[in-house]
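Per chain, numbering begins at 1; letters A, B, ... match sequence-line order. Both backbone and side-chain heavy atoms feed into the values below; hydrogens, waters and symmetry mates do not. Note that this is a predicted model, so its numbers are computed, not measured.
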Amino acid sequence: MNFVEELTWRGMIHDIMPGTEELMEKEMISAYVGIDPTADSLHIGHLVGVMMLKHLQLSGHRPLALVGGATGMIGDPSGKSAERNLLDEETLRHNQNALKAQLAKFLDFESEIPNKAEIVNNYDWMSNFSFLDFIRDIGKHITVNYMMSKESVKKRIGADSKTGMSFTEFSYQLVQGYDFLHLYNEKNCKVQMGGADQWGNITTGTELIRRKVQGEAFAITCPLITKADGGKFGKTESGNIWLDPERTTPYAFYQFWLNVSDEDAKKYIKIFTLLSKDEIDNIIAEHFKEPGFRLLQKKLAEEITVMVHSRDEYEMAVKASKILFGKATSDELSKLNEATFLAVFDGVPVFEVNKSEVEAGIHIMELLADKTTIFPSKGELKRTIKGNGLSINKEKFTDENGIVDSKYIINKKYILAQKGKKNYFLITLV
RNA sequence: GGGAAGGUACCGAAGCGGUCAAACGGGGCAGACUGUAAAUCUGUUGGCUCAGCCUUCGUAGGUUCGAAUCCUGCCCUUCCCA
């Protein structure tokens with residue numbers, strides 16, 4: 001199965017330029033995906049592009065990851081309704097280094113193979129490119145009419161646009177187009193890949209290559225990842241799902257995939273795992289025999305968590321999930337040794353309270369809404385208790401005038417508070 | 001520079017002198033059901049020393065027994081004309 005066939009059955013191709021597949025059959029090619037270094041970690045929204053590169057390398061071609069140091073300073077107008085904030089160079093450099101380290105988990109940058117992956121940074125060739133040279137050598141080849149016809153531009157200068165569009169953002173597609181030209185010349189890179197929203201920017205690049213050096217370049221875009229319920233992929237109430245364990249704990253990461261709907265899981269498992277078509281068909285068939293078991297989500301979460309973090313982190317996340325969502329009782333909780341206990345609750349907000357105050361017996365209101373900020377007000381705590389939504393150490397706490405004392409202490413120094421089903425808080429006694 | 005409209009709780013949006021801690025919708029949170037899902041149903045959604053009190057309707061003053069509601073200044077937003 002070649003690269004294009006592989007991506008096709010996985011549902012990862014939205015649009016492809018005629019001739020791309022033929023070219024890739026004929027020779028080993030280089031292709032690139034651009035990544036904006038707006039933060040010092042990738043999030044799962046970047047994962048599709050990264051997976052495209054992964055498949056590219058697996059099929060014997062050469063992946064290039066372009067870190068957009070220069071373009072990141074401008075901001076891509078595609079899909080944006082307002083002008084972007086600009087990043088300074090120091091932040092960019094820091095972000096770039098962090099991204100490089102994360103990409104190394106997916107792509108082989110080290111081995112002495114002909115299709116070894118490479119990271120390039122457009123800041124390196126853009127920063128010394130003078131404005132005058134740029135508009136003379138590059139701008140000359142593309143008409144404003146052509147640039148204006150792009151959807152991303154039309155949207156911003158149309159009558160219904162409120163904020164308008166700066167010249168800086170307007171130039172974005174030309175700068176990105178130049179990246180492609182540069183890589184075409186320097187790295188013999190003939191294909192650019194990206195999300196469906198990048199089609200306009202990518203074609204500016206192929207157009208530029210055609211006009212400037214009479215070369216032929218190609219494009220592949222993947223569909224934007226959606227959710228069946230219309231929500232935004234990769235976002236939860238608490239924000240983005242990051243690959244960096246400091247930003248999103250492996251447990252939260254695992255939980256994200258585990259909570260995906262059936263419809264979405266069917267799509268995602270093809271895109272985000274390397275499981276073969278047969279394996280996936282099997283899993284889907286098994287899943288729908290007993291959907292409540294959620295085999296599909298479990299497999300999806302396992303594959304991605306292991307790939308992004310590690311087998312160990314994955315196993316810890318499963319263990320934590322069993323305790324947090326299973327029928328664990330306060331009895332079982334207290335049986336956990338301290339190391340396991342802490343590992344399970346890694347990432348759960350922790351509050352410190354004076355030990356002697358609890359041993360003497362403390363009013364529930366004072367403990368949860370005064371000594372700690374688990375509840376922002378006593379009124380809210382009261383409501384939660386009335387609604388049967390508060391548990392201490394996995395057991396319902398229903399008395400709004402209750403007292404918490406030494407018999408609630410686990411492992412000599414912990415109390416586990418739970419708001420609803422999913423929100424845990426750890427109180428450490430000091 | 002001229003003219004018009006408007007700023008209400010997380011968001012949208014009613015209220016236009018007392019019965020307003022403020023309708024309604026969305027969102028959030030919690031409960032039931034369930035598959036840690038979706039859909040649905042229920043409760044809740046300013047704070048407190050909680051049948052009462054305190055702080056909130058852009059902001060600062062004023063009128064009034066009483067103001068989100070009336071008046072004045074200021075700030076901000078949007079639209080139309082130049």
| query | Where along nucleotides 44-54 of chain B does protein come under 4.0 Å, by heavy atom, of base (B) or sugar-phosphate alone (S), with - for untouched nucleotides? | reply | SS-SSSB----

| Over how many whole Å does the gap from A/Phe256 atom CZ to B/A37 atom P extend? | 15 Å

Can you tell me, in whole Å, how much space there is between the [atom1] of [N] and that of [M]?
| N | M | atom1 | result |
| --- | --- | --- | --- |
| B/G18 | B/C70 | C1' | 14 Å |
| B/G17 | B/C71 | P | 11 Å |
| B/G47 | B/U42 | C1' | 26 Å |
| B/G52 | B/C57 | P | 23 Å |

Can you list everything that forms a side-chain hydrogen bond (donor to acceptor under 3.5 Å, both in side chains) with [X]? Sequence neighbours excluded, please.
| X | result |
| --- | --- |
| A/Asp108 | A/Ser111 |
| A/Tyr424 | A/Lys394, A/Gln418 |
| A/Glu286 | A/Lys289 |
| A/Glu303 | none |

| message | Please tell me if A/Lys386 has a side-chain N or O lying less than 4.0 Å from either OP1 or OP2 of B/C29. | response | no

Could you list the donor-acceptor pairs under 3.5 angstrom formed between side-chain atoms of residues 354-361 of chain A and any protein atom two or more places apart in sequence or on another chain?
from     : atom 1 : to       : atom 2 : distance (Å)
A/Asn354 : OD1    : A/Ser356 : N      : 3.1
A/Asn354 : OD1    : A/Ser356 : OG     : 2.7
A/Lys355 : NZ     : A/Lys412 : O      : 2.9
A/Glu357 : OE1    : A/Lys371 : NZ     : 3.0

| Donor on one side chain, acceptor on other, A/Asn2 and A/Glu25, under 3.5 Å | yes

| said: For RNA chain B, which residues of residues 293-324 of chain A approach it to below 4.0 angstrom with any heavy atom? | reply: A/Arg294, A/Gln297, A/Ser321

| task | Mind listing the residues from residues 387-404 of chain A sitting with a heavy atom below 4.0 Å of RNA chain B? Number order is fine. | result | A/Gly387, A/Asn388, A/Gly389, A/Lys396

| message | Quick check: A/Phe345 with A/Tyr414 (ring centres under 6.0 Å apart)? | response | no

| request: Sort by first number and list every stem of RNA chain B: at least 3 consecutive Watson-Crick or G-U wobble pairs, both distances under 3.5 Å. | output: B:1-7 with B:75-81, B:10-12 with B:24-26, B:27-32 with B:40-45, B:46-48 with B:52-54, B:58-62 with B:70-74

| Under 3.5 Å donor-acceptor, A/Ser321 side chain and A/Ala317 backbone | yes

| A/Arg62: partners by salt bridge (charged side-chain N to carboxylate O under 4.0 Å, His left out), with sequence neighbours left out | A/Glu118

| Can you list the residues that meet the salt bridge (charged side-chain N to carboxylate O under 4.0 Å, His left out) rule with A/Asp40, with sequence neighbours excluded? | A/Arg247

| query | Which nucleotide in the list B/U36, B/G35, B/A30 gets nearest to the side chain of A/Phe325? | reply | B/U36

| Where the side chain of A/Asn423 is defined as all heavy atoms beyond and including C-beta, which of B/G35, B/C29, B/C33 is the nearest nucleotide? | B/C29

| Between A/Gly420 and A/Asp262, which is nearer to the 5' end of RNA chain B once each is assigned its nearest nucleotide? | A/Gly420

| said: Let me spell it out: for each of A/Gly292 and A/Thr384, pick the nucleotide of RNA chain B with the closest heavy atom. Which residue's pick is nearer the 5' end? | reply: A/Thr384

Are the charged groups of [X] and [Y] less than 4.0 angstrom apart, N to O?
| X | Y | result |
| --- | --- | --- |
| A/Lys407 | A/Asp405 | yes |
| A/Lys277 | A/Asp281 | yes |
| A/Glu263 | A/Lys267 | no |

| remark: So the side chain to side chain donor-acceptor pair (under 3.5 Å) pairs with at least one residue in residues 132-147 of chain A (sequence neighbours excluded) are A/Ser130-A/Asp133, A/Tyr146-A/Lys150

